[in-house]
Participant: 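After the structure tokens below, expect a handful of questions from me.
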Amino acid sequence: MPLSWNEIKSRALAFTNEWKDEVSEDAEAKSFWDDFFNVFGISRRRVATFEQQVKKIDDKQGFIDLLWKGMILIEHKSRGKDLERAYKQAKDYFPGLKEKELPRYILVSDFEHFKLYDLEANYNHNFVITDFVNNVHLFGFIAGYEKRTYKEQDPVNIDAAELMGKLHDKLKAVGYTGHALERYLVRLVFMLFADDTNIFERGIFYEYLELKTAEDGSDLAAHLGQLFEVLNTPKENRLRNLDESLNAFPYVNGRLFDEHLPTASFDSEMRKILVDCCLLDWGKISPAIFGSLFQSVMDAKARRNLGAHYTSEKNILKLIKPLFLDEFWAAYEKVKDNRIQLQKLHESITNLRFLDPACGCGNFLIVAYRELRLLEIEIIKGLLKDVLERKQAVTNIDIYFQLDVDRFYGIEYEEFPAQIAQVAMWLIDHQMNMKASEIFGEYYVRLPLRKSANIVHGNALRIEWQSLIDSLPWEKREPKFNYILGNPPFIGYALRNDQQRQEMDLFFNQIRGGGELDYVACWFIKASEYLEKYNAVEQKNVELSKIAFVSTNSLIQGEQVGVLWNVLFNKYHIKIQFAHRTFSWSNEAKGNAAVHVVIIGFSNFDITDKILYEYLNLKSEPHEVKAKNINGYLVDGKDVFIQNRSFPVNNVSKMVYGSKPTDGGNFLLDDEQKEILIKDEPLTEQYIKPFLSAYEYLNGKKRWCLWLENINPTDLKKFPAIYERVINVRKSRLNSSKAATRKLADFPTRFEYNSQPDSDYILVPLHTSEGRTYIPFGFFSKNFIAGNSCSVIPKASLYEFGVISSIMHMAWVKTVCGRIKSDYRYSGTIVYNNFPWPESSTEKQIQGIETAAQNVLDARAQFPDASLADLYDPNTMPPVLVKAHQALDKAVDLCYRPQPFINETKRIEFLFELYDKYTSGLFAKEKSKRKRKADNL
């Protein structure tokens with residue numbers, strides 16, 4: 001247990017008075033440093049060695065004056081000697097040290113002047129011995145105090161996760177598996193952390209492993225088993241003849257060590273992995289390590305099935321800050337000088353309850369708890385302002401800290417991460433207690449553990465969330481959760497298992513199209529049901545619950561918006577209060593896979609100050625925009641739903657799907673197959689047409705197809721090669737599992753679906769990269785057969801080509817189209833048919849668009865050997881084509897309004913207003929028309 005800062009300062013003053021005179025002898029130097037370490041309550045003999053022999057950079061032998069391996073190297077000189085030279089001498093020792101022995105700090109001194117170098121933070125600090133008491137805080141690391149920083153992808157986080165992953169694999173390989181293995185690892189993680197953060201006396205776990213266990217690992221499991229028992233036994237109940245090295249460990253409680261586990265088995269390699277874990281500084285590990293740890297010990301298949309996307313703290317803050325944290329800090333700034341109001345704020349935050357209904361390893365709960373504890377510390381500093389200003393000692397600081405981990409709840413489907421989440425909450429609590437100790441000068445630790453986070457191992461979609469509160473003793477119950485937050489699993493339609501499909505049916509079986517939604521949508525419905533039941537919006541002066549989830553961005557794109565948000569807005573009266581539009585969600589786990597997500601904060605009551613966070617690109621920082629209303633597309637506009645339409649909302653050319661062969665590959669030919677066929681049967685050339693799929697079109701490839709729509713049966717038999725292919729088409733269709741396809745075997749010379757125009761047309765590739773600024777549409781003659789990976793717009797005009805090739809149309813595409821991963825999935829019925837065209841273009845404006853559109857085609861034609869994929873790659877797009885598109889954009893913009901659009905957000909807001917204008921009453925008219933038809937039947 002470290003000394004309080006008040007005690008350390010008192011000792012520092014005594015040290016200064018004792019040693020401010022010159023130190024002249026080596027014996028005195030040793031005593032000097034022994035007393036220096038004693039200032040911090042540390043025995044120098046236990047942690048650091050005098051005259052450590054080491055090979056220097058010049059291969060000569062040297063002697064380090066004082067070395068605490070992995071922590072600090074001290075080099076002293078006689079009074080008045082050059083300390084810069086002493087620092088260089090200290091660095092010269094580094095090549096002779098092992099990596100794990102390299103110190104973070106170097107202290108050089110002539111016993112009057114001191115210079116401390118922090119090699120990790122890259123700073124140094126000078127002071128003289130008479131000013132030691134005012135600089136003693138620089139050496140808090142000796143006592144065990146450590147300032148915590150939370151860095152994404154800190155190497156120690158990754159190293160710890162990977163080492164624990166290796167230990168997991170080794171234990172599993174020897175047959176130690178399942179619940180016992182998971183519980184065992186969680187205990188080890190706790191002990192490693194405790195060993196570096198003063199839950200234990202610093203370093204005693206490492207020392208116990210080194211001194212008490214055999215190098216071959218043969219007795220390690222027995223020692224750990226005994227240690228588990230000791231940690232679960234109060235000191236007064238322990239055996240009186242217990243080895244003193246075991247008795248030095250504290251009683252932990254918290255039920256972490258109460259379960260009896262089977263005895264494990266270790267070998268030398270496994271022992272070395274555990275020792276190497278001890279050599280990491282677990283005090284530096286951020287709470288997000290526990291997510292990384294979990295992911296590193298799962299195989300890829302299991303991770304995919306669970307939809308696990310582990311997150312960086314930076315991204316977690318994007319959710320919790322607008323959900324509650326910003327509001328509380330604003331309240332603090334408002335009342336920080338009013339003691340009574342500050343006390344009320346303190347009471348209000350300590351009475352809150354938080355739930356993560358898909359908590360995984362607890363990342364969201366951990367960071368939320370940490371941030372609230374940091375706020376609580378500031379509140380307590382304000383409440384104790386007078387005491388602190390008078391520099392009086394603050395005693396019994398535990399009575400001031402009221403926020404504890406038992407206010408945080410989680411539900412997790414898998415047992416292992418649920419265990420990690422509970423332990424992680426204890427660990428972040430201890431980190432915050434250490435911070436409080438540093439600030440208020442008194443050591444503060446909650447040990448034995450008396451409270452714990454309420455983490456339930458179960459299925460959040462089957463559990464009544466309120467039951468987590470209702471199951472508590474009566475005196476601890478609260479009306480409801482104040483905040484529900486988290487990152488539920490993302491699992492698309494094709495990847496769901498039977499159980500997940502059944503759970504989708506629980507929420508969406510009565511909703512048309514609900515089965516196509518992502519699995520994460522279930523949490524939105526479940527949360528909305530909770531709000532409907534427990535948020536008494538009609539009552540005044542009642543705290544109302546708020547919710548925020550991370551979600552795959554598919555929920556705000558394409559058909560899913562009309563399915564999900566129609567229900568949320570109209571049945572549950574949900575209002576989106578803040579949202580982050582699509583960005584790349586990175587994580588701290590091995591492989592660092594990124595997904596494209598949104599964050600949506602909502603409740604069933606409205607607020608005035610809604611906020612949209614927008615991103616210039618997927619990896620940029622967000623900027624904040626105030627919104628009047630946030631709709632299901634995360635646009636500031638009315639709650640409209642873009643649904644499938646059979647015809648365009650304006651009077652423009654109709655779009656239809658391309659032709660679908662369903663031929664088993666028998667109608668399609670590459671260049672070589674085409675040439676062989678013509679060579680063998682020259683007259684077949686009349687039946688061979690160029691075939692366009694999205695891939696061939698975009699990448700400049702050639703493919704061909706047999707077009708036998710009107711072939712004479714007599715002619716067909718004249719061409720054996722073609723006839724054989726037709727037979728194979730029939731066989732392929734007959735072997736299909738689909739009845740409709742089997743019926744098509746009766747028409748083996750025809751495509752399954754033939755929509756080939758009898759005129760020129762615009763080709764629309766249905767799948768295209770999101771990296772392109774524009775989708776490259778193209779004109780083709782009727783002789784080119786468009787496949788079903790494309791759509792076509794027959795008899796389309798140059799004006800229509802120009803409008804859909806513009807940035808205005810692309811803004812609509814980005815917002816309403818569906819996606820495959822992050823790439824656009826263009827739909828005629830959703831995107832094109834609902835696109836609001838310019839309201840009233842003049843003939844001059846139309847001509848301007850046609851001219852600009854032709855310039856785009858002409859610019860493309862200047863590069864006949866380049867594919868459209870290369871021409872429209874933002875990194876290789878020719879300047880002449882860029883300028884042609886920019887001119888087209890201006891021409892199209894002028895058809896909408898004379899004022900320029902300052903950004904994409906303003907474009908899409910304008911388009912939604914125009915869409916609402918075009919369609920208001922339209923659906924009601926169509927419904928009325930259908931009703932009249934039914935009445936006349």
Participant: Taking the inter-plane angle between the rings of Trp523 and Tyr519 on a 0 to 90° scale, is it parallel (under 30°), tilted (30 to 60°) or perpendicular (over 60°)?
Facilitator: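 The arrangement is perpendicular - the two ring planes meet at more than 60°.
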
Participant: Spell out, as yes or no, whether a donor-acceptor pair under 3.5 Å connects the side chain of Ser603 to the backbone of Ser545.
Facilitator: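 Judged by distance alone, yes, a pair lies under 3.5 Å.
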
Participant: Take a 6.0 Å sphere around OH of Tyr615 and say whether it holds more than 12 heavy atoms from other residues, nucleotides or ligands.
Facilitator: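 More than 12 heavy atoms, drawn from other residues, nucleotides or ligands, come within 6.0 Å of this atom.
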
Participant: Around atom CD of Gln510, are there more than 12 heavy atoms of other residues, nucleotides or ligands at under 6.0 Å?
Facilitator: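 Check fails, neighbour count at 12 or below.
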
Participant: Any non-hydrogen side-chain atom of Leu495 less than 4.5 Å from a side-chain atom of Phe490?
Facilitator: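 Sidechains of Phe490 and Leu495: no contact.
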
Participant: Got a salt bridge between Lys526 and Glu529, using NZ or NE/NH1/NH2 to carboxylate O under 4.0 Å?
Facilitator: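 No, this pair does not count.
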
Participant: Tell me yes or no: between the side chains of Lys571 and Asn566, is some donor less than 3.5 Å from an acceptor?
Facilitator: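 On atom types as modelled, these side chains do not qualify, holding no pair under 3.5 Å.
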
Participant: In terms of ring plane angle, is the pair Tyr915 and Trp812 parallel, tilted or perpendicular, where the classes change at 30° and 60°?
Facilitator: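 Tilted: the ring planes of Tyr915 and Trp812 meet at 30° to 60°.
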
Participant: Excluding sequence neighbours, so at least two apart, what forms side chain to side chain contact (heavy atoms under 4.5 Å, CB included) with Gln499?
Facilitator: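 Gln499: side chain to side chain contact (heavy atoms under 4.5 Å, CB included) contacts with Tyr413, Asn459, Asn497, Glu503.
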
Participant: How many angstroms lie between CG in Leu372 and CZ in Phe354, if you round to the nearest 0.5 Å?
Facilitator: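 That separation rounds to 4.5 Å.
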
Participant: Please determine whether a side-chain nitrogen of the Lys or Arg among Glu621 and Lys314 lies less than 4.0 Å from a carboxylate oxygen of the Asp or Glu.
Facilitator: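 Lys314 and Glu621: salt-bridged.
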
Participant: In terms of side-chain heavy atoms, does Asn833 have a donor or acceptor partner in Ser646 at a distance below 3.5 Å?
Facilitator: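 No donor-acceptor contact under 3.5 Å links the two side chains.
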
Participant: Quick one, Glu347 with Lys344, criterion salt bridge (Lys or Arg N to Asp or Glu O under 4.0 Å). Give me CA distance, side-chain angles, the key distance, then yes/no.
Facilitator: CA-CA 5 Å; Glu347 291 173 1; Lys344 287 182 178 179; over 6 Å; no

Participant: Could you tell me whether the side chain of Glu371 reaches within less than 4.5 Å of the side chain of Leu374, counting heavy atoms only?
Facilitator: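 Side-chain contact under 4.5 Å: yes.
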
Participant: Can you name the residues that form a ring-ring contact (aromatic ring centres under 6.0 Å, His included) with Phe524, not counting sequence neighbours?
Facilitator: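 Phe524 satisfies ring-ring contact (aromatic ring centres under 6.0 Å, His included) with Phe549, Trp565, Phe602 only.
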
Participant: Do any N or O atoms from the side chain of Ser827 and from the backbone of Ile830 form a donor-acceptor pair under 3.5 angstrom?
Facilitator: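 Judged by distance alone, yes, a pair lies under 3.5 Å.
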
Participant: Establish, from distance only, whether the side-chain atoms of Asn315 and Lys318 form a donor-acceptor pair under 3.5 Å.
Facilitator: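 Asn315 vs Lys318: donor-acceptor pair found between side chains.
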
Participant: Provide the closest heavy-atom pair for Ile630 versus Ile611 in the form atom of the first, atom of the second, distance.
Facilitator: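 Here Ile630 and Ile611 meet closest at CD1-O, 3.6 Å.
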
Participant: I want to check something: taking the side chain as every heavy atom from C-beta on, are Phe408 and Val405 in contact at a cut-off of under 4.5 Å?
Facilitator: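 The answer is no; the side chains never approach within 4.5 Å.
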
Participant: Testing Phe364, Phe481, Trp465, Tyr483 for ring pair (Phe, Tyr, Trp, His ring centres under 6.0 Å) with Tyr409, which one passes?
Facilitator: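 Only match with Tyr409 under ring pair (Phe, Tyr, Trp, His ring centres under 6.0 Å): Phe481.
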
Participant: Is a donor from one side chain sitting under 3.5 angstrom from an acceptor on the other, for Arg373 and Asn433?
Facilitator: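 Side-chain D/A pair, Arg373 to Asn433: present.
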
Participant: List the steps and the verdict of side-chain hydrogen bond (donor to acceptor under 3.5 Å, both in side chains) for His179 and Glu415.
Facilitator: CA-CA 8 Å; His179 168 81; Glu415 183 183 12; 2.4 Å; yes

Participant: Go through Tyr572 and Asn604 one step at a time and tell me if the side-chain hydrogen bond (donor to acceptor under 3.5 Å, both in side chains) criterion holds.
Facilitator: CA-CA 7 Å; Tyr572 297 105; Asn604 59 345; over 6 Å; no

Participant: Any non-hydrogen side-chain atom of Asn631 less than 4.5 Å from a side-chain atom of Lys638?
Facilitator: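 Side chain of Asn631 against side chain of Lys638, heavy atoms only: no contact under 4.5 Å found.
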
Participant: Do NZ/NE/NH1/NH2 and the carboxylate oxygens of Arg370 and Glu313 come within less than 4.0 Å?
Facilitator: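 Counted as a salt bridge, because a side-chain N and a carboxylate O are separated by less than 4.0 Å.
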
Participant: With sequence neighbours left out, what residues match Lys533 under side chain to side chain contact (heavy atoms under 4.5 Å, CB included)?
Facilitator: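 For Lys533 there are no side chain to side chain contact (heavy atoms under 4.5 Å, CB included) partners, ignoring immediate neighbours.
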
Participant: With a cut-off of 3.5 Å and sequence neighbours excluded, list every side-chain donor-acceptor pair involving residues 622-629.
Facilitator:
from	atom 1	to	atom 2	distance (Å)
His623	ND1	Glu614	O	3.3
His623	NE2	Glu614	OE1	3.4
Asn629	OD1	Lys575	NZ	3.0
Asn629	ND2	Gly637	O	2.7
Asn629	ND2	Asp639	OD1	2.9

Participant: Is there a side-chain contact between Asn351 and Arg407 (heavy atoms, below 4.5 Å)?
Facilitator: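 SC-SC contact between Asn351 and Arg407 confirmed.
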
Participant: Measure from the side-chain N and O atoms of Glu414 to the backbone N and O of Phe416, and report whether any donor-acceptor pair falls under 3.5 Å.
Facilitator: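 No, because the side chain of Glu414 does not come within donor-acceptor range (under 3.5 Å) of the backbone of Phe416.
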
Participant: Could you state the interatomic distance from CG (Leu517) to CE (Met504), rounded to the nearest 0.5 Å?
Facilitator: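 CE of Met504 is found 5.0 Å from CG of Leu517.
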
Participant: Can you measure from CG (Asn509) to CD (Gln502) and round to the nearest 0.5 angstrom?
Facilitator: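 Nearest 0.5 Å value for the CG-CD distance: 12.0 Å.
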
Participant: Grab the two heavy atoms, one from Ser348 and one from Leu352, that are nearest each other, plus how far apart they are.
Facilitator: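 Closest pair (atom of Ser348, atom of Leu352, distance): O-CG, 3.4 Å.
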
Participant: A side-chain contact here means heavy atoms from C-beta on lying under 4.5 Å apart; do Glu333 and Phe328 qualify?
Facilitator: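 No; the side chains remain at least 4.5 Å from each other.
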
Participant: How long is the span from the CG atom in Leu568 to the OG atom in Ser528, to the nearest 0.5 Å?
Facilitator: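 It comes to 4.5 Å.
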
Participant: Can you give me the closest heavy-atom contact between Ile484 and Leu323, atom names plus distance?
Facilitator: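 So the two residues come closest at O-CD2, 4.4 Å.
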
Participant: Any non-hydrogen side-chain atom of Leu485 less than 4.5 Å from a side-chain atom of Lys546?
Facilitator: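 No, every pair of side-chain atoms sits at 4.5 Å or beyond.
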
Participant: Can you measure from CD (Gln560) to CG (Asn553) and round to the nearest 0.5 angstrom?
Facilitator: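 Atom-to-atom, Gln560:CD and Asn553:CG are 9.5 Å apart.
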
Participant: Grab the two heavy atoms, one from Ile556 and one from Val561, that are nearest each other, plus how far apart they are.
Facilitator: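 The answer is C-CG2, 3.1 Å.
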
Participant: Quick one: closest heavy-atom pair of Val640 and Tyr633, and the distance?
Facilitator: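 Scanning both residues, the minimum pair turns out to be O-CE1, 3.4 Å.
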
Participant: Look at the side chain of Gln577 and the backbone N and O of Phe605, then say whether any donor-acceptor pair between them is shorter than 3.5 Å.
Facilitator: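 The answer is yes, because a donor-acceptor pair under 3.5 Å joins these two groups.
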
Participant: Whether the side chain of Asp356 engages the backbone of Ile411 through a donor-acceptor N/O pair (distance < 3.5 Å, no angle test) should be reported.
Facilitator: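 No; zero donor-acceptor contacts below 3.5 Å.
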
Participant: Salt bridge between Arg907 and Glu904, side-chain N to carboxylate O under 4.0 Å?
Facilitator: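 No, this pair does not count.
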
Participant: Is there a salt bridge (Lys or Arg N to Asp or Glu O under 4.0 Å) between Glu559 and Arg512? Walk through the geometry before answering.
Facilitator: CA-CA 11 Å; Glu559 298 176 21; Arg512 186 177 179 183; over 6 Å; no

Participant: Any side-chain heavy atom of Leu564 within less than 4.5 Å of one from Ile511?
Facilitator: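 No. Closest side-chain heavy atoms not under 4.5 Å.
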
Participant: Write down the atom of Cys361, the atom of Ile420, and the distance for their closest heavy-atom approach.
Facilitator: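 Heavy-atom minimum between the residues: CB-CG2, 4.0 Å.
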
Participant: Can you tell me how far apart CG (Leu383) and CG (Leu342) are? Round to the nearest 0.5 Å.
Facilitator: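 Taking CG in Leu383 and CG in Leu342, the distance rounds to 4.5 Å.
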
Participant: Partners of Thr350 by side chain to side chain contact (heavy atoms under 4.5 Å, CB included), sequence neighbours excluded?
Facilitator: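 Counting only residues at least two positions away or on another chain, Thr350 forms a side chain to side chain contact (heavy atoms under 4.5 Å, CB included) with His346, Glu376, Gln402, Leu403.
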
Participant: Decide if atom CD1 of Ile340 counts as having more than 12 heavy atoms of other residues, nucleotides or ligands within a radius under 6.0 Å.
Facilitator: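 No, CD1 of Ile340 has 12 or fewer neighbouring heavy atoms, counting only those of other groups under 6.0 Å.
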
Participant: For Tyr530, check ring-ring contact (aromatic ring centres under 6.0 Å, His included) against everything at least two apart and list the hits.
Facilitator: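 Residues passing ring-ring contact (aromatic ring centres under 6.0 Å, His included) with Tyr530: Tyr534.
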
Participant: Using a strict cut-off of less than 4.0 Å between a Lys/Arg side-chain nitrogen and an Asp/Glu carboxylate oxygen, indicate whether Arg446 and Asp404 qualify as a salt bridge.
Facilitator: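 Salt bridge between Arg446 and Asp404, a charged N being under 4.0 Å from a carboxylate O: yes.
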
